[in-house]
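First the structure, in the form of structure tokens, and then the observations on it.
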Number of protein chains: 2
Amino acid sequence: MAGVSVATASRVIAKADYPVAAATRVRVIEAAGALGFVRNAMARGLSRSRSDSVGVIVPALHAYYAAMIEGIDEAATRQGLTILLGLSRGDEAKREQLVTEFLERRVDGLLICAGADDHLPGRTPTEMPIPTVLIGQQANPGFPIVVTDNVAAGYEVAEHLWSLGHRAFAYLAPDKGWHDFRDRQAGVSVFLKQADEAYKLDVLDGIYSEADAFSRMGEALKGGLAATAVIASTDRHALGAMAALTDAGRWVPDAVAVVGFDNYLSSQYLRPALTSMHMPAGEMGRLGLETLVAAIGGHQVPMRSELRATLVARGSSVPSP
Amino acid sequence: MAGVSVATASRVIAKADYPVAAATRVRVIEAAGALGFVRNAMARGLSRSRSDSVGVIVPALHAYYAAMIEGIDEAATRQGLTILLGLSRGDEAKREQLVTEFLERRVDGLLICAGADDHLPGRTPTEMPIPTVLIGQQANPGFPIVVTDNVAAGYEVAEHLWSLGHRAFAYLAPDKGWHDFRDRQAGVSVFLKQADEAYKLDVLDGIYSEADAFSRMGEALKGGLAATAVIASTDRHALGAMAALTDAGRWVPDAVAVVGFDNYLSSQYLRPALTSMHMPAGEMGRLGLETLVAAIGGHQVPMRSELRATLVARGSSVPSP
DNA sequence: CTGAAAGCGCTTACAG
DNA sequence: CTGAAAGCGCTTACAG
């Protein structure tokens with residue numbers, strides 16, 4: 001319609017900087033507009049062997065991963081990359097299936113978010129045909145990974161409560177498979193072990209949700225739990241624990257201090273407002289995407305990038321009675 | 001490597017039911033395994049003019065849309081469809097750009113989630129080249145849409161509070177551009193207007209977040225707000241309002257009842273537990289995707305599918321003092 | 001500055 | 001049951 005070859009048309013549509021006569025350029029653009037031309041990314045991708053897309057796999061879409069994805073999206077948008085989203089639902093087979101699917105779609109890179117013992121079955125770094133970056137602690141050695149220092153975060157929480165005079169603690173934990181949580185707990189232990197006074201630490205484990213925290217904490221209180229400070233693996237677990245404490249007439253923070261991790265937006269509007277370790281999920285996502293882009297670009301990337309958590313002290317943690 | 005033509009290879013790889021000699025089939029499968037063959041979805045898509053993917057656009061990833069996406073994902077997985085995710089961040093230009101991008105990628109259909117006055121600039125149904133389904137109220141007539149009856153939901157909330165003896169209400173609203181919220185408010189008004197007793201309704205508007213709810217409610221209380229029942233557009237706003245009430249010494253639920261919408265997972269662990277209208281976001285997502293698949297398949301689809309919200313009464317709403 | 005042509009990796013009538 | 005060949009819609013050396 002513009003009276004030019006497809007080669008020329010392609011050049012004006014796809015490469016803004018390619019030298020094309022101004023008049024020709026105009027004719028092509030006008031024709032494209034009149035025809036309602038929409039270029040075909042599959043054909044483009046096929047011939048360039050590049051899809052300008054990345055696969056993002058998360059276990060689920062709760063607030064922590066949602067924040068991570070928003071960070072990934074922000075960086076991806078800036079880089080002109082489209083996100084293919086996959087929810088693994090903590091299922092290893094599903095996760096492997098998503099990897100295969102994304103590989104078939106020829107994503108330029110893969111971002112795998114997790115905080116637990118999620119494996120990439122049979123996928124070592126050398127077997128993975130495309131750049132892959134992990135976000136959050138997980139059991140896949142050899143891939144570049146972006147993490148937040150959970151040991152330091154746990155350490156700092158314990159230090160905070162210790163400085164408020166607390167000596168009897170309860171830690172609400174899932175099980176050992178969850179690296180993030182295991183490390184937070186380890187950090188707490190590291191601090192306590194180097195302390196110069198006696199302390200008590202009860203671990204309530206098998207806690208994966210508000211509901212678990214609520215019921216386990218309820219039982220523990222009936223069993224005479226003596227802790228004056230409760231450390232929950234996440235704000236969600238803290239919320240469940242606070243409900244159980246309140247229901248048992250143990251007022252937070254007067255009778256028991258509570259601290260969580262993640263610092264969800266809502267936590268500051270709880271009453272008492274919840275003290276929480278802020279884990280920079282969005283920042284991790286952004287950094288992960290940028291690392292991936294560098295790897296796709298053939299650059300050397302750090303094998304481990306570590307961000308810091310920051311304590312946000314609020315009303316739920318006050319000096320021990 | 002299997003000593004067959006690409007046509008035959010394609011048939012065993014891509015069409016399980018195509019008649020191919022058993023021995024040939026085995027040779028192809030073995031060769032594919034040995035070669036680590038991964039089929040190219042871009043080439044496949046190009047030749048079939050079908051990408052087996054759908055574009056999903058949401059304003060942001062907070063809990064409501066996260067639940068919606070989980071529903072969409074569940075149905076999409078079942079249908080063998082991959083999700084391309086786009087966050088519009090409430091920005092119309094960004095949204096339009098995402099639509100264009102998804103069109104270039106030749107998604108088989110588009111799912112647009114919103115609850116506000118988000119437009120598809122210059123895209124009428126006839127101009128949209130692919131099947132498109134809307135989820136949540138929005139300003140784009142002519143597209144099939146999946147909604148929850150927000151007027152009925154608002155009506156029911158008012159009825160609930162009325163039956164508890166409340167006659168003085170405050171409604172926390174964003175502005176008129178938000179269809180979901182406007183309808184919830186309308187439902188409240190509809191109920192009250194047909195009531196047979198005097199009542200008072202204060203509207204606090206301009207509320208888009210926990211923070212807004214917290215500060216506007218704080219001001220209103222200082223100004224002598226007389227409401228014994230607060231209706232918030234979402235649980236998030238309810239949380240902010242509850243914090244302001246607590247800080248002002250107006251105990252929930254003894255002095256003031258509070259009700260929200262959305263019924264986030266956490267709401268039941270607040271103390272008092274928050275009474276909330278459960279909006280079936282996941283169900284909306286699932287139904288939206290299924291409607292889209294039907295439309296892609298060339299079937300006739302309903303122009304409007306309406307789900308019902310369900311009231312979950314909890315401790316935050318009790319009889320008026 | 002422009003075009004002819006090959007190639008990206010599949011699918012699918014069509015013929016045998 | 002199998003293959004040769006055209007075609008999907010781009011990009012990009014190569015030549016002019």
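Just so we're clear, the structure is a prediction, and the values are computed from it rather than from any experiment. Just so you know, these numbers use all the heavy atoms, side chains as well, and skip hydrogens, waters and symmetry mates. Below, chain A is the first sequence line, B the second, and so on; all start at residue 1.
A straight line from CZ of B:R50 to C1' of C:dT12 spans 16 Å, rounded to a whole angstrom. Taking atom CG of B:D17 as the reference point, atom P of C:dT11 lies 13 Å away to the nearest angstrom. For the pair B:R105 CZ and D:dG9 P, the interatomic distance rounds to 18 Å; values are reported in whole Å.
DNA chain D is contacted by both B:Y18 and B:S49; B:Y18 maps to the nucleotide lying nearer its 5′ end (nearest heavy atom per residue).
Under a 4.0 Å N-O distance rule, the pair A:R182/A:D180 does not qualify as a salt bridge. Looking at B:R78 and B:E74, a side-chain N of the basic residue comes within less than 4.0 Å of a carboxylate O on the acidic one, giving a salt bridge. We find that B:R236 and B:D262 are not joined by a salt bridge, their nearest charged nitrogen and carboxylate oxygen being 4.0 Å or further apart. With respect to B:K94 and B:E96, no salt bridge is recorded, no charged nitrogen being found less than 4.0 Å from a carboxylate O. Looking at B:R95 and B:E92, no side-chain N of the basic residue comes within less than 4.0 Å of a carboxylate O on the acidic one, giving no salt bridge.
A:H179 is linked by a ring-ring contact (aromatic ring centres under 6.0 Å, His included) to nothing, counting only residues two or more places apart in sequence or in another chain.
Here the side chains of A:S49 and A:R106 are not in contact, with every heavy-atom distance at 4.5 Å or above.
Non-hydrogen atoms lying under 4.0 Å from DNA chain D are contributed by A:F37, A:V38, A:R39, A:N40, all within residues 30-40 of chain A. For the segment residues 4-14 of chain A, residues with any heavy atom less than 4.0 angstrom from an atom of DNA chain C are, sorted by number, A:V4, A:S5, A:A7, A:T8, A:R11. Less than 4.0 Å separates DNA chain C from at least one heavy atom of each of the following residues of residues 41-48 of chain A: A:L46, A:S47.
Atom P of C:dC1 sits at a distance of 24 Å from the matching atom of C:dA5, rounded to the whole Å.
Note on ring orientation: taking the six-membered ring where Trp is involved, the planes of A:Y65 and A:H62 are tilted (angle from 30° to 60°).
Not a single donor-acceptor pair under 3.5 Å links the side chain of A:T24 to the backbone N or O of A:V20. Using modelled atom types, one side-chain atom of A:T132 and one backbone atom of A:I130 make a donor-acceptor pair closer than 3.5 Å.
In this model, a donor atom of one side chain and an acceptor atom of the other lie less than 3.5 Å apart for A:R105 and B:T82.
Minimum interatomic distance between B:C113 and B:Q138 (heavy atoms only, all atoms of both residues): C-NE2, 4.1 Å.
At the phosphate of D:dT2, OP1 or OP2 sits under 4.0 Å from a side-chain N or O atom of B:T24.
For the salt bridge (charged side-chain N to carboxylate O under 4.0 Å, His left out) condition, the pairs that include at least one residue of residues 22-44 of chain A, sequence neighbours left out, are A:R39-B:E104.
In secondary-structure terms, DNA chain C builds stems of at least 3 consecutive Watson-Crick or G-U pairs, each pair having both distances under 3.5 Å, at C:1-3 with D:14-16, C:5-12 with D:5-12, C:14-16 with D:1-3.
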